[in-house]
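I have placed the structure first, in the form of structure tokens, so that the comments after it can refer back to it.
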Amino acid sequence: MSDAPRTPNRTRPRTRALATDAVWAGEERPFMDRATQIPVVRSVAFGYTDLDTWRDVALGRAEGHIYGRNTNPTVAAFEEKVRALEGAAAATSFATGMAAISDTLLTLLRPGDRVVSVKDTYGGTNRLFDEFLPPLGIDVALCDTSDQDAIEAAIDQGLQVLYLESPTNPTCKVLDLERLTARAHAKGATVVVDNTFATPINQRPLELGADLVVHSATKFLGGHADALGGVLVGDADLVARVFHRREIHGATLGPDAAYLLLRGLKTLALRVERQNATALRIARHLQAHPKVAAVHYPGLPEHPNHDVAARQMPGGFGGILAFELAGGLDVVKRVLPELRLAHRAANLGAVETTVAPPATGSHVELTAEERAALGIPEGLVRYSCGIEDAGDLIADLDAALAHA
Ligand SMILES: *Cc1c(COP(=O)(O)O)cnc(C)c1O
């Protein structure tokens, strides 16, 4: 474990296994009328007869809630569960993953600052880096994701924020989080990691030294593709600063979405264990398939960063893989409609298998040439394993690939 002296208040020791925290964290105190399940508190405001108590709660001197844009009991339970799973000191939540990422970067960066990241971040994050941060006077350096030396060189030139994502979307590249974090800390930077693809079951960046972790809770955390949400965990002072921006910007997670995400989180460990196993089995199967030109999955020994992944993802290599069909988009257009057990949709991490070609999904805004420059071939398919039986998914893939 590396040490980040700038942010000593980043982690909190874990006392129970992840599967136990997934079920119990945030839900241990008695609820209204002894309900065993957390109520969805839709009340916008919370009333106080005693004005002194009202003032103390409003000023954060006493526990309680004032107004729903700031805090809410259902939302707080969701935050506590993710905090426990990531072993973080603090957590706050957002209406979406992109709200979490935007508010975090806009809190940490000022005009004249520099952020270093990679070219393969999530599409929305990439838009922030390309479109929205430069006009604010923020210098953005996006490095080749596969070139660790180039990332280190960019860090050594000085930075305020290092922003990482691993494994990446859609080609499942892996960054050495511990090494890059230590390098950035040597320059006094804050390190933020998007842990959406891995989930805390597989990878906990705070234990590798990162200061903050963001998630699109919409994906694996919720797991049922029925609620949008985002969450930020890590150093308590930094989380408090981002929380303050969010309560003013107002991208607040609603109580109904928080309830669905909480309910989904209870099965996170079960789901992700199954998805890890299925992804590895499918990756091995497709590697040997004559119609498949290449398979990208960090769990395969042939993956260029398999060793790094094995070290930093103790729980497993994740539920997402990508494979390339020789013949490009035309063949993808023939094969994908034949799948019976997959949604063709711009989502991932759900209980149902979901597939998307980058040309219509994660990188739809780019031209074929721009995708090629990012190393994303037109014949690529991102395959997010659901919790279905792996044998059924393989049979479904084989039947569809017969049309290639
Ligand atoms: C989906 C996603 C996001 C954005 O989350 P939303 O909830 O859609 O705003 C950010 N990062 C990654 C890796 C994602 O997959």
Side-chain angles (χ1 to χ4, degrees), residues 75 78-79 82 86 92-106 117-133 142 145 163-175 177 192-203 205 210 212-233 242 246 249-254 256-258 260-261 264-265 272 275 279 296 298 313 317-322 343 345-350 354-358 360-365 374 376 382-385:
V75 172
F78 163 72
E79 292 166 345
V82 183
E86 288 283 6
T92 191
S93 61
F94 303 82
T96 65
M98 277 317 300
I101 294 165
S102 307
D103 272 355
T104 299
L105 288 172
L106 290 170
S117 188
V118 292
K119 290 185 177 150
D120 287 53
T121 51
Y122 174 73
T125 310
N126 206 267
R127 288 288 95 218
L128 261 185
F129 287 141
D130 270 356
E131 230 179 274
F132 293 103
L133 294 185
L142 299 184
T145 313
Y163 185 93
L164 302 173
E165 197 177 309
S166 184
T168 62
N169 186 16
T171 47
C172 300
K173 295 185 182 116
V174 169
L175 294 166
L177 299 178
V192 185
V193 177
D194 182 334
N195 204 29
T196 300
F197 264 46
T199 83
I201 304 302
N202 292 331
Q203 168 176 285
L212 293 168
V213 167
V214 285
H215 276 278
S216 168
T218 314
K219 314 291 172 49
F220 286 99
L221 297 189
H224 293 70
D226 56 3
L228 292 159
V231 61
L232 172 75
V233 301
V242 181
R246 192 271 283 154
H249 274 188
T252 304
L253 180 66
D256 289 277
L260 290 169
L261 297 172
L265 271 171
V272 171
Q275 286 161 319
H296 306 277
M313 303 180 78
F317 298 99
I320 295 167
L321 62 126
H343 289 302
N347 188 34
L348 57 92
T354 310
V355 293
T360 57
S362 59
H363 291 72
V364 63
E365 299 99 341
L374 282 175
I376 301 171
R382 182 184 73 204
Y383 192 91
S384 172
C385 301

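Order of appearance sets the numbers: ligands from 1, and atoms from 1 within every ligand. Throughout, residue positions are numbered sequentially from 1 according to the sequence presented.
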- request: Examine ligand 1 and decide if any of its atoms is less than 4.0 Å from a heavy atom belonging to Gly349.
  value: no
task: Considering non-hydrogen atoms only, spot the tightest contact between Ala345 and Thr354 and give its length.
output: O-CG2, 3.4 Å
query: Do Phe220 and Ile201 have side chains that get closer than 4.5 Å, going by heavy atoms?
result: no
- line: The salt bridge (Lys or Arg N to Asp or Glu O under 4.0 Å) partners of Asp194 (sequence neighbours excluded) come to none
query: Hey, does Gly97 come in under 3.5 Å of ligand 1, counting only N/O atoms on both sides?
result: yes
query: Please state which protein non-hydrogen atom is closest to atom 12 (C) of ligand 1 and give its distance, to 0.1 Å?
result: Asp194 OD2, 3.4 Å
task: Around atom 15 (O) of ligand 1, find the nearest protein heavy atom and jot down its residue, atom name and distance.
output: Lys219 NZ, 2.7 Å
- prompt: Does a side-chain heavy-atom distance below 4.5 Å link Leu348 with Phe197?
  reply: yes
message: If the cut-off is 4.0 Å to any non-hydrogen atom of Glu165, which atoms of ligand 1 fall inside it?
response: 13 (C)
- request: Give a yes or no on whether a salt bridge exists between Arg246 and Asp103, defined as a side-chain N under 4.0 angstrom from a carboxylate O.
  value: no
task: Below 4.0 angstrom from a heavy atom of Gly229, which ligand 1 atoms are there? Numbered from 1 as shown, please.
output: 7 (O)
- line: All heavy atoms of Val231 vs all of Ala100, minimum pair found to be N-CB, 4.1 Å
Considering all heavy atoms, the nearest Leu232-Val214 contact: CD1-CG1, 3.5 Å
- prompt: Between Ile101 and ligand 1, which residue portion shows a heavy-atom distance shorter than 4.0 Å: side chain, backbone, both, or neither?
  reply: side chain
Backbone or side-chain N or O of Ser216 under 3.5 Å from ligand 1 N or O: yes
- request: Report the nearest protein non-hydrogen atom to atom 4 (C) of ligand 1: residue, atom name, distance rounded to 0.1 Å.
  value: Tyr122 CE2, 3.4 Å
field: For Glu79, all residues meeting side-chain hydrogen bond (donor to acceptor under 3.5 Å, both in side chains), sequence neighbours excluded
entry: Ser93
- prompt: Among protein heavy atoms, which sits nearest to atom 9 (O) of ligand 1, and what does the distance come to when rounded to 0.1 Å?
  reply: Met98 N, 2.8 Å
query: Among all protein non-hydrogen atoms, which one is nearest to atom 7 (O) of ligand 1, and what is the separation to 0.1 Å?
result: Thr218 OG1, 2.7 Å
